[in-house]
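First the structure, in the form of C-alpha cells, and then the observations on it.
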Amino acid sequence: MRVQLVPAGTGELTYEIRNIVNVAEKLQKCGVTINWENIGDPIVKGEQIPAWMKKIVSDAVLDNETWGYCHTRGVLNTREFICESTNKRGGSQITPEDIIFFNGLGDAIAKLYGCLTPEARVLMPSPSYTTHTLGEISHAGAPSLHFRLDPENGWQPDLAELRSQIESNPSVCAIMIINPDNPTGMVYSKETLQQIVAIAKEFGLFIIADEVYNNIVYNQEKTVPISDVIGDVPAISLKGISKEFPWPGSRCGWIEVYNGQTDEQFRKYINLILTSKMNEVCSTTLPQTVLPAIMQHPEYQLYLQERINLYEKSSNITYNFLKEVPELLVNRTNGAFYMAVAFKDGVLNNTQSLPISNDEVRTLVESLVNQPGVSPDKRFVYYTLAATGICTVPLSSFATSLQGFRVTLLERDPAETERIYKTLAANIKTYLAS
Ligand SMILES: Cc1ncc(COP(=O)(O)O)c(C=O)c1O
C-alpha cells in the first residue's frame, strides 16, 4: 500500500474476550466439555426471560409505530421517562435533549472516542473493559494513558497516579470510569467519586462514567451514580439494557449528558456525537419503545433482585474457593458480574503446565502457548481450559500488565459454581507447582 492504513500500534490488537472462544470451540471439537466462564451474556448462560417481559415486547411488535425510524436522539417518551428517574435523585438535572440513544453502548463508545481530535486523550482505568481502551487508542493512534486499579487495595483506583498522569499529560481531556467495574467488579465509593470529580474540575476535564451495571450491586454495596456528585463538571453517563433486562441482543443503550452547556468545547463535542448519530438517522426503535413499560412493571424489581441475589451467591462461592490459593490476589466482587484475579508477582513462568491425557488436545494447546509473545497468563488460561474445560479470559487482555484471569459470575446452578471453582483452585495449585 502507498500509505499506512491503520494507526501505529493498532494493527496487531486482538479482542481476547472473543478470541478465547475460538480456542474453546476447537477444544470442544476434540471432545472437551467447556464451562463458559468467559462471556458476559446472561442469555448465553441460560437466563430465561420472564413471560411478562416477552409479552411487552411481542405486543410492541404488533404496533406499527415500532417499525419506523424514531427521533435521532431516541423515542421521546422513553427519554422523558429516563429524565424523570435521573432527576428525582436530586443530583444533576437533565432534559430529554440531554439524552442520545445508540445501538448498544458499543456504538456509543465508538462515537465518544471517534468524535474527539486524536490529540485529546481520555485517561482510562487499568485493567479496563477492552471496548473503551481499543476505541480510545485506535482513535489516538497511541498507547493508552491509564491509572491503576489496585488489586492489593480491593481494586480501588490509585488517585495519586490518576492525578500525576493528568499533570504530566496536558493532552488528557477526560477521565473514564466504569462503575460498577468490568473486569474487577469493584464499586466506586461516593468519596472516591467526589475526589475524581474534584480533580476533573481542577484541571478542566470532563468525565465519562460507564454505568451500564449501575443497578447490579450486592454484598450490601450501593452504587452512587455520577449524576449525584457531578456538581457543575461536564460529564457523560453511559447506561443500557444489555445487562439489566438482560437484553444484549437488543443493541440498545444511551448517554446522559450532564452540564452539557457549561463549556463551549464540550457543547460542540456533544453536538458532533449527535450529528454522527444523525448520519445513521437513529438507533433501533423497538427496544427503546418498551423500556418504560418493562422498568415500571410490578415484577421488574423482583426479577432484577432475584438475579442480583444469584450473582451475590456466585461472587461469594468464587471468592471463598480462590482466596485459598496463596499466590492469588482475590477480591470479593460487589457489583456487575465479573471477578478479576491477579497472580502475585513472579509466580507464573513459561514452563508451567497441566497434565492433559488427550493427545490431540495437548498438541493443540502446546502449539498455541509456544507461539512467540504469549503472555504467562494466556499460557495459564489455555492450559486450564484444555485440562478442565473452564474457559476464563487472561487479565492481561484488559489493558493491564497484571497477570491473572477474569471470570463471569453468571452460572445459574450454585452447585455447578462450587464444582467449577473448586476444580479451578485445585488446578491453579497444580499448575503453579509444575
Ligand atoms: C462496561 C461495559 N460497557 C459497555 C458494554 C457494552 O454494552 P452494549 O451491549 O450496550 O454494547 C459492556 C459489555 O460487556 C460493558 O461491560
Side-chain angles (χ1 to χ4, degrees), residues 15-21 36-45 47 49 74 78 82 99-114 122 124-136 144 146 149 155 157 174-188 207-217 223 225-226 236-256 273 277 280 283-284 286-288 290-291 294 307 311 333-340 392-393 395 397-400 406-410:
Y15 196 71
E16 188 57 32
I17 306 175
R18 298 274 161 204
N19 213 23
I20 191 78
V21 175
W36 301 99
E37 307 316 311
N38 56 314
I39 203 128
D41 180 346
I43 309 295
V44 173
K45 289 294 290 182
E47 182 69 43
I49 298 302
T78 306
I82 290 169
I99 293 175
I100 309 173
F101 266 85
F102 292 87
N103 288 316
L105 287 183
D107 174 25
I109 291 167
K111 290 195 173 57
L112 248 50
Y113 300 116
V122 179
M124 300 269 149
S126 167
S128 181
Y129 176 59
T130 335
T131 305
H132 280 285
T133 336
L134 289 187
E136 206 274 334
S144 73
H146 50 251
L149 303 182
W155 289 115
I175 304 164
M176 195 280 282
I177 59 165
I178 305 173
N179 185 27
D181 185 55
N182 177 7
T184 67
M186 176 270 289
V187 180
Y188 285 78
I207 288 180
I208 298 175
D210 184 331
E211 302 188 316
V212 71
Y213 300 101
N214 213 13
N215 294 322
I216 302 179
V217 276
T223 347
I226 199 75
I236 298 169
S237 163
L238 293 91
K239 295 181 181 166
I241 62 174
S242 287
K243 313 294 171 169
E244 198 176 309
F245 277 16
W247 194 6
S250 68
R251 310 314 299 124
C252 177
W254 68 93
I255 63 168
E256 294 175 22
I273 294 171
K277 183 78 297 199
E280 301 167 17
S283 298
T284 318
L286 179 84
Q288 295 179 43
V290 297
L291 187 150
I294 290 178
R307 289 178 46 229
Y311 304 148
T333 290
N334 295 324
F337 36 63
Y338 307 96
M339 187 177 285
T392 64
V393 187
L395 191 57
S397 42
F398 293 91
T400 174
R406 187 202 73 172
V407 292
T408 53
L409 305 173
L410 294 172

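One is the number of the first residue; the rest follow in order along the sequence. Predicted, not measured: the structure shown is a model, and the values here were computed from it. In each ligand, atom 1 is the first atom listed, and ligand 1 is the first ligand listed.
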Do T408 and E37 have a side chain donor and acceptor closer than 3.5 Å? no
Cut-off 3.5 Å, side chains only: do K277 and S283 have a donor facing an acceptor? yes
Just list the N/O pairs, ligand 1 to protein, that are under 3.5 Å apart, with the distance for each.
| unit_1 | atom_1 | unit_2 | atom_2 | d |
| --- | --- | --- | --- | --- |
| ligand 1 | 3 (N) | D210 | OD2 | 2.6 |
| ligand 1 | 9 (O) | S242 | OG | 2.6 |
| ligand 1 | 9 (O) | R251 | NH1 | 2.9 |
| ligand 1 | 10 (O) | L105 | N | 2.6 |
| ligand 1 | 10 (O) | S242 | OG | 3.3 |
| ligand 1 | 11 (O) | L105 | N | 3.0 |
| ligand 1 | 11 (O) | G106 | N | 2.8 |
| ligand 1 | 11 (O) | R251 | NH2 | 2.7 |
| ligand 1 | 14 (O) | Y129 | OH | 3.4 |
| ligand 1 | 14 (O) | K243 | NZ | 2.8 |
| ligand 1 | 16 (O) | N182 | ND2 | 2.8 |
| ligand 1 | 16 (O) | Y213 | OH | 2.7 |

Across all chains, not counting sequence neighbours, the side chain to side chain contact (heavy atoms under 4.5 Å, CB included) partners of A174 are V122, F206
Exactly one of K243, E244, K239 should register a side-chain hydrogen bond (donor to acceptor under 3.5 Å, both in side chains) with N215. Which one does? E244
Could you walk me through whether D41 and K45 pass the salt bridge (Lys or Arg N to Asp or Glu O under 4.0 Å) check? CA-CA 7 Å; D41 180 346; K45 289 294 290 182; over 6 Å; no
Minimum heavy-atom distance I241-P287, with the two atoms named: CD1-CB, 4.1 Å
